[in-house]
Amino acid sequence: IFSEVAAKNNQTLFIVGGYVRDLLMKRQSPTDIDFVTEGNGIELAKAIAKELNPKLKVSVFKNYGTAMFKHQGLDLEFVGARKESYAEDSRKPSVEIGTLEDDQKRRDFTINALAISLNKENFGDLIDPFEGILDIKNRILRTPLEPSQTYSDDPLRMMRAIRFASTLNFKIEENSLNAIKNESERIRIVSLERIMVEFNKIMLSAKPSAGLKLMEETGLMQLIIPELTALKGIEEVEGQTHKDNFWHTLEVVDNISTNTDNLWLRWAALLHDIGKAPTKKFVDGIGWTFHGHEFLGSKMVKNLFYRLKLPLGTDMKYVQKLVKLSSRPIALVDDGTSDSALRRLLFDAGEDLEDLFILNKADITTKNSSKQAKFKRNFEEVAIKIKE
Ligand code: CTP
């Protein structure tokens with residue numbers, strides 16, 4: 001039907017973008033398919049929808065020149081092929097009509113610029129002008145145009161590059177990585193909501209540290225969550241050092257990600273030591289301390305969620321609570337548990353006790369195996385006492 005309607009309208013039709021990429025990578029079943037036509041995308045969407053089912057509701061986004069409808073559980077989106085140019089200070093493109101190749105060129109990465117023809121003369125052909133197939137094979141993220149052009153056209157793509165690197169386990173090609181380093185400041189013109197969509201996809205990937213490291217390396221972390229960058233580094237006074245809490249945090253996030261897909265529990269791991277940078281002190285006779293960091297940390301969570309435009313309801317309260325209690329079970333066993341301390345923990349943690357344990361287990365990152373064993377043993381002890 002799709003090809004026939006397009007042919008009848010004298011328009012070409014192609015599938016492009018993520019659907020083609022995921023098909024070639026044999027990844028999960030798709031939720032949306034993007035179509036490009038050389039001609040009017042909105043009119044073609046309406047014509048195809050009408051042919052499929054006259055009752056189908058087509059949503060039209062006139063400003064973007066796109067239209068979409070749902071069919072067999074999939075979001076089908078149509079756009080007329082375009083050339084785009086962007087103003088310096090905005091993500092909104094000015095749009096001109098273009099060919100398929102113009103449209104492929106303006107896309108973010110070569111792996112997202114592949115097209116499948118739905119036209120009679122070459123039905124099913126893969127159209128790959130920028131060697132996207134080779135890049136999929138070599139697991140490389142490369143931009144179709146000069147990287148600085150692609151990223152300055154739409155700076156959100158810097159976050160998308162890191163998100164794809166993290167979720168697909170790809171490498172960002174060197175010129176591209178350098179362009180992100182040079183252009184990182186331009187992320188400021190992108191809304192935080194859009195940035196956080198990408199950030200949360202990184203957080204939900206199998207090994208979030210891959211993306212978090214890239215954010216740090218490119219300077220994006222410093223611009224978006226400077227509280228995390230502040231945890232970086234080790235100081236030494238009188239021969240005593242403390243651990244680098246940034247790298248420790250990344251390890252904890254990876255650890256917890258093997259045990260939970262709960263985004264906010266992963267966020268709690270990301271922020272569990274956030275109060276350590278501002279509370280760090282060297283005390284004579286004692287060494288490095290981070291006194292009260294859990295309390296400050298939980299206050300910082302609120303500011304951070306507010307600034308990052310993350311949800312401020314129960315999700316935030318849950319993260320705050322876990323950060324505040326984060327090291328309590330471990331501290332308890334170190335002091336020798338008293339019943340009253342245990343009761344207090346039970347009361348404070350409430351129904352989130354299980355998650356608090358998951359966080360504590362992930363937090364044990366010491367390489368010293370006897371120390372590790374001691375932690376685990378004591379920790380199990382508390383868990384057992386609580387269960388009693
Ligand atoms: N695209 C782009 N620049 C952006 C966003 C999207 O060039 N900032 C293009 C890419 O070709 C992309 C397509 O639009 O493949 C669709 O974008 P989107 O649905 O956001 O992402 P997908 O690639 O489909 O990936 P996913 O579904 O995993 O988000």
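For ligands, and for the atoms within them, numbers begin at 1 and follow the listed sequence. Along the sequence shown, residues are numbered consecutively beginning with 1.
Applying the ring-ring contact (aromatic ring centres under 6.0 Å, His included) test to His242 and every residue at least two apart in sequence or in another chain returns Trp288, Phe290. With sequence neighbours left out, the ring-ring contact (aromatic ring centres under 6.0 Å, His included) criterion links Phe305 to Trp264, Trp267.
Counting the atoms of ligand 1 from 1 in the order shown, those under 4.0 Å from a heavy atom of Asp34 are 16 (C). If you number the atoms of ligand 1 from 1 as listed, the ones under 4.0 Å from a heavy atom of Arg157 come out as 2 (C), 3 (N), 4 (C), 7 (O), 8 (N). Atoms of ligand 1 lying under 4.0 Å from any heavy atom of Lys201, numbered from 1 in the order shown and given with element: 29 (O). Atoms of ligand 1 found under 4.0 Å from any heavy atom of Arg163 (numbered from 1 in listed order, with element): 26 (P), 28 (O), 29 (O). Close approach of ligand 1 to Gly17 (heavy-atom distance below 4.0 Å) involves ligand atoms 15 (O).
Under the 4.0 Å criterion applied to side-chain N and carboxylate O atoms, Arg160 and Asp154 are not assigned as salt-bridge partners. Ionic pairing of Lys232 and Glu216 is present here: one or more N-O contacts between side-chain nitrogen and carboxylate oxygen are shorter than 4.0 angstrom. Salt bridge Asp103/Arg107: present, at least one basic N to carboxylate O contact under 4.0 Å. Note on Glu227 versus Arg307: salt bridge recorded, some NZ/NE/NH1/NH2 to OD/OE distance being below 4.0 Å.
Considering backbone and side-chain N/O atoms, Tyr19 never comes within less than 3.5 Å of an N/O atom of ligand 1. The shortest N/O to N/O separation between Phe164 and ligand 1 does not fall below 3.5 Å.
Closest heavy-atom approach to atom 24 (O) of ligand 1 among the candidates Pro155, Gly18, Ala113, Ala115: Gly18. Among Glu77, Arg160, Met159, the residue whose heavy atom sits closest to atom 1 (N) of ligand 1 is Arg160. Of the candidates Arg107, Gln28, Arg27, it is Arg107 that places a heavy atom closest to atom 14 (O) of ligand 1.
Between Asp154 and ligand 1 there is a heavy-atom distance shorter than 4.0 Å.
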Note to self: Run Glu38 and Thr12 through side chain to side chain donor-acceptor pair (under 3.5 Å) and show every step you take.
What the structure shows: CA-CA 6 Å; Glu38 288 161 314; Thr12 55; 2.7 Å; yes

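At least one donor-acceptor pair under 3.5 Å links the side chain of Arg142 to the backbone N or O of Phe130.
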